[in-house]
Amino acid sequence: MSVELRQVSKRYGKVQAVKGVNLKVEKGEFFVLLGTSGSGKTTILRSIAGLERIDEGEILIDNERVHHLPPGRRNVAMVFQNFALYPHKTVYENLSQPIENLDKGERDERINEISKRLDIHHLLERYPAELSGGQQQRVALARALVKRPKVFLMDEPLSNIDVPKRVAARDLIKEIQREESITTIYVTHDQTEAMALADRIGVMLNGELRQVGHPEDIYLNPNCVDVATFFGMSVVDGGLVKESGKVGVLPEHVDLGKGPYKGVVRNVEFAGNSYMVHLSVNGDKLRALSKVRPRIGEEVEFAITRYKVLGS
Ligand SMILES: Nc1ncnc2c1ncn2[C@@H]1O[C@H](COP(=O)(O)OP(=O)(O)OP(=O)(O)O)[C@@H](O)[C@H]1O
């Protein structure tokens, strides 16, 4: 099912949380809404789920207007940051609650299938407090999937999980999404996670959807200073490369060692297989990835192999 937002706006009192957002997420697509804290991502997700009433605009699921329908009639499932499991119900009861309208045979069949798939089959009789964080998260995913939703909405579902488990959980989400071809809208403020998961990314800043595109496109060709900065570009005066306005440069496109440019090393951070070198160049800050560790205070020569003109 496709999900479409047309000129959607939402305010809370004086706060304009979402400003005239237009977006179409295609059937089966994994779409990531990426943005800073408070940029309106959760509000958009909750509006699609029917948990918020929008002030202006329209929301369509499979080309049908749904923004006046209650959550239960939208065929969407939402996974929240805190997993939202019922603490006084067993895993089995947690999984059966969303499908309690089905008869017991079919309910058990679905619960069996999904719990085997997510490796929680042996935990069905336990209570959420008796599970590890990763297991709780898999139960929450199972709970959302057991309804066989056509649209899957996820609000930072991995934020409470430690890094190694997070990568595994990310793989799992992606795998299920691909296999079941569920239209997914996934909210995060982590651009690495966004780039790893998304077919397309939409960048939210300050209530506005500022850019939509494939991860590689946005990463290399951000359309404004804010998006460029968010994706890790240094933004410097275009005069350096004989352009007007500002230009964005990724650290991997700054080659330390040979000119034509010169800068002073302000700081060096160890970054695993390389060093992140912070340079000062004509009063601008520029970051470079380098295989060798330069000295702080040293003047170094560098070249820029690629940049993006961002305007003023
Ligand atoms: N119920 C509410 N009442 C008042 N203001 C709200 C409410 N919910 C959200 N806001 C405000 O609306 C704006 C957008 O919030 P939203 O939660 O959508 O942002 P977000 O991008 O999801 O942020 P985060 O990544 O921190 O969760 C923020 O300024 C927030 O303070």
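Counting starts at 1 for both ligands and their atoms, in listed order.
- Under the side-chain contact (heavy atoms from CB on, under 4.5 Å) test applied with Ile61, the options Thr183, Val76, Leu69, Val25 reduce to a single match, Val76.
- Atoms of ligand 1 lying under 4.0 Å from any heavy atom of Thr36, numbered from 1 in the order shown and given with element: 21 (O).
- No side-chain donor-acceptor contact under 3.5 Å links Arg266 to the backbone of Ile296.
- Residue contacts with ligand 1: Gly35 is excluded, as none of its non-hydrogen atoms falls under 4.0 Å.
- Taking the six-membered ring for Trp and thresholds of 30 and 60 degrees, Tyr219 and Phe231 have ring planes more than 60 degrees apart, a perpendicular arrangement.
- Considering only non-hydrogen atoms, atom 25 (O) of ligand 1 lies nearest to Lys41 out of His189, Met204, Lys41.
- Arg110 contributes a side-chain N or O that, together with a main-chain N or O of Val146, makes up a donor-acceptor pair within less than 3.5 Å.
- When only interatomic distances are considered, the shortest N/O to N/O separation between Ala17 and ligand 1 does not fall below 3.5 Å.
- Every residue two or more places apart in sequence or in another chain that forms a side chain to side chain contact (heavy atoms under 4.5 Å, CB included) with Glu269 is listed here: Asn267, Met276, His278.
- With a 4.0 Å heavy-atom cut-off, ligand 1 is reached by the side chain of Val15 but not by its N, CA, C or O.
- Legend: residues meeting side chain to side chain contact (heavy atoms under 4.5 Å, CB included) with Ala17, ordered by chain and number and at least two apart, are Tyr12, Thr43.
- Residue contacts with ligand 1 for Asp155 are absent, since no atom lies close enough (heavy atoms, distance under 4.0 Å).
- Within the structure, the closest approach of Ile44 to ligand 1 does not fall below 4.0 Å when heavy atoms are considered.
- The distance from ligand 1 to the heavy atoms of Ser39 drops below 4.0 Å at these ligand atoms: 19 (O), 20 (P), 21 (O).
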